[in-house]
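Written out below as C-alpha cells is the structure these notes cover.
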Amino acid sequence: MTELKVLGACPLDCPDGCSWVVTVRDGEAVALRGNPGHPYTRGALCTKVNRWLERASQPDRILYPLRRAGRKGEGRFERITWDEALDEIAARVGRVVEEHGGEAVWPYWGTGTLGYVQGLEGQAGRRLFNLLGASGHEADICSAAGIAGLKCTIGSAGGMDPEDLAHSRLIILWGTNPLTSGHHVWKFVQAARREGAHVVAIDPVRTRTAAQADEHLAPLPGTDAALALGLLNVVVGLGAQDEDFLERRTLGWPEFRARIGEFPPARAAEITGVPEERIVALGERIARTRPTAIRATQGLQRHAGGGSALRTLACLPGVTGDWARLGGGLVFSTSGHIRLNRRALYRDDLRPGGPGFRRVLSMSRIGEGLLEVDGPPVKALFVIAANPAGSAPHQNRVRAGLSREDLFTVVLEQFPTDTTDYADIVLPATMQHEHADLHEGYGHLYLAWNEPAVAPPGECLPTTETFRRLARRMGLDDPALQESDEALAEQALASGHPYLEGITLDRLRKEGFVRLAVPDPFIPYADGFPTPSGRLEFVSARARGAGLDPVAGYTPPAEVADPVRAAAYPLALISAASHHFLNTVFGSDVELRRRAGNGPSVRLHPGDAAARGLVDGQRVRVFNDRGAFEAVLETTDAVRPGVAATTKGHWAKFSGGANANAVVAERATDLGGGPTFHDTRVEVEPLP
Ligand SMILES: Nc1nc2c(c(=O)[nH]1)N[C@H]1C(S)=C(S)[C@@H](COP(=O)(O)OP(=O)(O)OC[C@H]3O[C@@H](n4cnc5c(=O)[nH]c(N)nc54)[C@H](O)[C@@H]3O)O[C@H]1N2
Ligand SMILES: Nc1nc2c(c(=O)[nH]1)N[C@H]1C(S)=C(S)[C@@H](COP(=O)(O)OP(=O)(O)OC[C@H]3O[C@@H](n4cnc5c(=O)[nH]c(N)nc54)[C@H](O)[C@@H]3O)O[C@H]1N2
Ligand code: SF4
Ligand SMILES: [Mo]
C-alpha cells in the first residue's frame with residue numbers, strides 16, 4: 001500500500017481560498033481535509049467542501065463527451081468519443097468564424113473554479129479564442145460594481161488585510177454574511193472581540209452572522225450609502241473627523257462635507273427604514289472608536305446603486321482617518337493586492353487586429369447577449385465552468401437565448417446542470433484534485449498551488465488540455481496554445497510586482513501556500529492611494545467619466561425605490577448565499593440538497609405573511625412580471641417587514657422548473673455593469 005499527502009486548494013468562488021491536503025491511497029483519494037498550517041484557514045473547510053470527495057464520485061458525474069439527442073433544454077444526450085466531439089466543434093466553430101467572423105464566438109467563463117490556470121482568473125483557453133478573434137467576456141456577475149466604486153474612492157479593489165480585523169475596536173459587517181459565505185474571517189472578528197471590540201451587522205436580514213453580532217441594523221435593501229452618509233453626519237456633527245488626514249490625504253473634502261450635510265439622521269432614517277436613534281447611536285460610536293473597520297462583501301452591491309454604495313462606504317474611514325491605522329479602513333476583496341500577470345496568460349496580442357476588443361459581452365446579461373446583440377449575433381457559445389441557466393439574471397430570457405436553434409453551444413462541465421441541458425456538445429471536466437492550478441484567496445493575502453492528487457475518472461480532461469487539443473484539431477499551430485499548466489503558472493507569477501518577490505512555482509509546490517510579500521504591518525495606502533491624485537478621492541474624475549455625480553453620494557435602488565413597481569410587487573426580494581451550496585455548485589448533492597430543504601424557501605416577516613393570509617410551511621409562488629418560482633414559506637421576524645429572503649444555488653430542474661433568477665432583472669449597476677440580484681420586487685401568493 002502506498003499513501004501520499006498531496007497539497008491543494010479549494011477552487012471555488014469564496015473569499016477564503018482554503019488550502020487542503022488530499023490523502024491518496026493506492027492512487028485513490030481517500031480523504032480531503034483543511035491544511036492546518038494555513039494561517040488564515042487553519043485546517044477547517046466548510047460544510048460544502050467537506051463533501052468534496054463524495055461529490056467527485058456522485059453517480060451523475062459527467063465522465064464522457066456527450067452530443068445532444070433531444071430538443072434543446074431537454075437534457076437528452078448520447079455518448080461520443082473525444083475525437084468525434086473535437087471534430088464536430090472544430091467544424092462548427094470554423095464555419096461560424098468563416099460566415100460571421102470571430103466575434104460570433106462567445107467564451108463564457110464562469111466562477112466554478114477561480115484558478116489562474118484552469119479557471120476564471122486566467123480565463124483558460126483565452127489564447128485560442130483570441131486567435132479566433134472571439135468576443136470578449138466581462139465577468140461582471142459578482143463584484144464588478146463594488147470594485148468600480150472602490151476604484152473611484154481609493155483607486156483599488158484592495159483594502160485592509162482581513163486578518164487585521166483582529167486589531168479593530170469597532171467592526172462593521174456591512175452587507176456580508178461570513179458565517180455562511182466565508183467563515184474563516186470570524187476567528188479574527190472574535191479575536192478583536194476578546195480585546196473588547198464591538199461588532200455591528202448591517203443587513204436587512206438577521207442572518208447567522210447578524211444574530212452573533214453585538215448589534216444589528218436592518219436597512220431597506222440598496223440604501224446603505226444613505227445610511228453611511230447619515231452616520232457621517234453624526235460624526236461630523238461631533239467634530240470627530242480627522243482634520244489632519246483630510247488635509248493631507250484626501251481630495252474634495254469641502255464638497256463631500258456638503259454632501260454629508262444633506263443627510264441628517266432623520267433623512268437617513270426615512271430612506272433606510274433604520275430608526276433615527278439607532279443611526280445617531282452608531283454614528284456616535286464611530287466618532288469615538290479608533291480604529292473602526294468595515295468588512296463589506298458582495299451582498300450590498302447587488303443593487304442599482306451598488307457601485308455608489310462601496311464608493312461612499314470607502315469614504316467613511318477617509319473622514320475618520322482610519323485608513324491610516326492598523327485594524328482600520330475597509331476590506332471588500334483583497335484581489336487588488338494580488339498582482340499576478342494576467343496579461344501574460346491572456347495573450348491578447350494574439351488577436352487578429354491586435355490586443356484591443358471591439359466587443360465585450362456581459363456575463364450578467366447573457367439573455368441580452370444571446371437574444372439582442374447583433375453585428376454579428378452570437379452563433380457559437382462556450383460555457384466554461386458556469387451555469388447561466390441557474391445563476392444569471394432573468395432566467396426565462398437566458399433559456400430563450402440558450403434555446404436558439406441556430407446557436408451552437410459547447411459546455412465544459414462536471415455535472416448535468418440546468419445549462420448542460422441546452423448544450424449541443426458537453427465535454428467532461430476534471431475536478432480540482434484531478435488537475436493542477438494556481439490560486440489566490442480574495443479574502444486573504446496568500447497564494448496557493450494545487451497539485452493534482454489522482455488521475456481523472458472516465459475521460460475527464462482539464463480545461464487547459466481540452467483547449468490544447470481543440471487548437472490542434474482546428475489547425476492552429478501557435479506554440480502559445482500548447483504551453484503546459486506549469487509554464488502558465490510560472491508566467492502568471494512572473495509579473496515583477498514587489499508583492500510577488502520570492503514567490504516561485506517551486507516554492508509554492510513545496511509549501512502549498514505562500515503569503516504575499518506585503519510590508520509588515522500592512523497598512524495598504526500608507527504611502528498614498530493609487531488614484532489619479534494619489535489621495536482618497538471624495539470627488540472623482542473617474543466617477544464623472546462614468547456619468548455619475550463626481551461627489552460621492554447615494555444612488556437609490558431601482559426596484560426597491562420605485563413606487564409604481566412597489567404597488568404591484570410590494571416585497572423586496574433578496575436571494576443571498578445559501579449555507580449549503582456554493583452558487584449552484586453542490587446543487588445536485590443529495591445530502592446538501594436535503595439540508596437545504598430540497599428546494600427554495602422564502603422567508604417573510606409574520607406581518608407580511610398574515611397580510612396575505614399565508615401560513616408558515618405553506619407552498620407559495622414568488623412572482624413578478626418576469627417570471628415565478630416555487631418555494632416553501634417560512635415566517636420569521638429575522639426578516640424586516642417589506643423584505644422577502646430566499647437563497648441562490650437551487651437547481652431549477654429540482655425546484656419545479658425555476659429558481660430565484662426567474663424574477664431578477666438584467667439591469668446593470670450604476671458602476672461596473674454588475675447585476676442587481678437583491679434589487680428585485682415580487683409578490684407572494686399561495687401555490688395554486
Ligand atoms: N455558503 C456559500 N458561500 C458562498 C457562496 C454561496 O453561494 N454559498 N457564494 C460565494 C460567492 S460567489 C460570493 S460572491 C460570496 C457572496 O457572499 P456575500 O458577500 O455574503 O453576499 P450575499 O450572500 O449575496 O449577501 C450577503 C448579505 O447581504 C445582505 N444584503 C442584501 N442586500 C443588502 C443591502 O442592500 N444592504 C445590506 N446592508 N445588506 C444586504 C443579504 O441579506 C445577505 O445576508 O459568497 C461566497 N461564498
Ligand atoms: N439570484 C442570485 N443569483 C446569483 C447570485 C445571487 O446573489 N443571487 N450570485 C451571483 C454570483 S456572486 C456569482 S459568482 C454567480 C456564479 O455563477 P456561475 O459562474 O455560473 O457559477 P455556478 O452557477 O456555480 O456554476 C459553476 C459551474 O462550474 C462547474 N465547475 C466547477 N469547477 C469546474 C472546473 O474545474 N471545470 C469546469 N469545466 N467546470 C467546473 C460547476 O459544476 C458548476 O456547474 O452567480 C450569481 N447568481
Ligand atoms: S468554499 Fe470557501 S470555506 Fe469552503 S473550502 Fe472552499 S474556500 Fe474554504
Ligand atoms: Mo460571486
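Order of listing sets the numbers, starting from 1, for every ligand and every atom in it. What you see below is based on every heavy atom in this structure, not just the backbone, and it leaves out hydrogens, waters and symmetry mates. From a predicted model like this one, the values you see are computed outputs, not experimental measurements.
Less than 4.0 angstrom separates some heavy atom of G17 from each of these atoms of ligand 3: 7 (S). Numbered from 1 in the order shown, with element, the atoms of ligand 2 that lie under 4.0 Å from a heavy atom of H435 read 35 (O). Against a heavy-atom cut-off of under 4.0 Å, R55 is close to the following atoms of ligand 2: 42 (O). Atoms of ligand 2 found under 4.0 Å from any heavy atom of T417, numbered from 1 in the order shown, are 44 (O). Near D13, meaning under 4.0 Å from any of its heavy atoms, are these atoms of ligand 2: 14 (S). Each of the atoms 37 (C), 38 (N), 39 (N) of ligand 2 lies under 4.0 Å from some heavy atom of L412. The contact set between ligand 2 and V585, taken as ligand atoms under 4.0 Å from a residue heavy atom, comprises 24 (O), 41 (C), 43 (C). Every atom of ligand 2 is numbered from 1 in the order shown, and the set under 4.0 Å from a heavy atom of M363 is 19 (O).
Between Q118 and the options D437, T466, D485, T113, a side-chain hydrogen bond (donor to acceptor under 3.5 Å, both in side chains) holds for only D485. Of the candidates E465, H435, R61, C460 forms a side chain to side chain contact (heavy atoms under 4.5 Å, CB included) with just one, namely R61.
Aromatic ring pairs are classed by plane angle as parallel below 30°, tilted from 30° to 60° and perpendicular above 60°; the pair H137 and W106 is tilted. A perpendicular orientation is assigned to the rings of F129 and F382, their planes being inclined by more than 60° (bins at 30° and 60°). Taking the six-membered ring for Trp and thresholds of 30 and 60 degrees, Y569 and F623 have ring planes more than 60 degrees apart, a perpendicular arrangement. Aromatic ring orientation, W20 versus W52: tilted (interplanar angle from 30° to 60°).
The closest side-chain heavy-atom distance from P219 to I202 is below 4.5 Å. Residues Q301 and T669 have side chains not in contact (no heavy-atom distance under 4.5 Å, counting atoms from C-beta outward).
Within the structure, the closest approach of T430 to ligand 2 falls below 4.0 Å when heavy atoms are considered. Within the structure, the closest approach of N661 to ligand 2 falls below 4.0 Å when heavy atoms are considered.
Expressed to the nearest 0.5 Å, how far CG of N50 lies from CG of L45 amounts to 5.5 Å.
No side-chain donor-acceptor contact under 3.5 Å links T41 and H184. No hydrogens or angles considered: a donor-acceptor pair under 3.5 Å links the side chains of S588 and D60.
Residue Y116 comes nearest to H439 through the heavy atom pair CD1-CA, 4.5 Å, listed as atom of the first residue, atom of the second, then distance. Contact detail for R515 and D161: the closest heavy-atom pair is NH2-OD2, 2.9 Å.
Around atom 4 (Fe) of ligand 3, the protein contributes the following N, O or S atoms under 2.8 Å, ordered by chain and number: C46 SG.
For D679 (side chain) and A558 (main-chain N/O), a donor-acceptor pair under 3.5 Å exists by modelled atom type.
For R295, there are no salt bridge (Lys or Arg N to Asp or Glu O under 4.0 Å) partners, not counting sequence neighbours.
Considering T646, L461, N583 only, the shortest heavy-atom separation from atom 11 (C) of ligand 2 involves N583. Nearest to atom 26 (C) of ligand 2 by heavy atom, out of P416, A385, G110, S181, is A385. The closest heavy-atom contact to atom 41 (C) of ligand 2, among the options Q432, H678, E413, comes from E413. In this structure, of R302, H650, M431, Q298, the residue bringing a heavy atom nearest to atom 12 (S) of ligand 2 is R302.
Here the protein heavy atom with the shortest distance to atom 36 (N) of ligand 2 is A429 CB, 3.8 Å. From the protein, the heavy atom lying nearest to atom 45 (O) of ligand 2 is S391 CB, 3.5 Å. Closest protein heavy atom to atom 22 (P) of ligand 2: T584 OG1, 3.3 Å. At the top of the distance list for atom 2 (C) of ligand 2, counting protein heavy atoms only, stands F677 CD2, 3.2 Å. In terms of protein heavy atoms, atom 21 (O) of ligand 2 is closest to T111 OG1, 3.2 Å. Among protein heavy atoms, atom 15 (C) of ligand 2 sits closest to I141 CG2, 3.7 Å. For atom 33 (C) of ligand 2, the closest heavy atom belonging to the protein is Q414 NE2, 3.2 Å. Of all protein heavy atoms, the one closest to atom 20 (O) of ligand 2 is N387 N, 2.8 Å.
Under a cutoff of 6.0 Å and an axis angle of 45°, R51 and F586 do not form a cation-pi pair.
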Going through the distances and angles, do D625 and R565 end up as a salt bridge (charged side-chain N to carboxylate O under 4.0 Å, His left out)? CA-CA 10 Å; D625 50 344; R565 227 176 147 79; 2.6 Å; yes

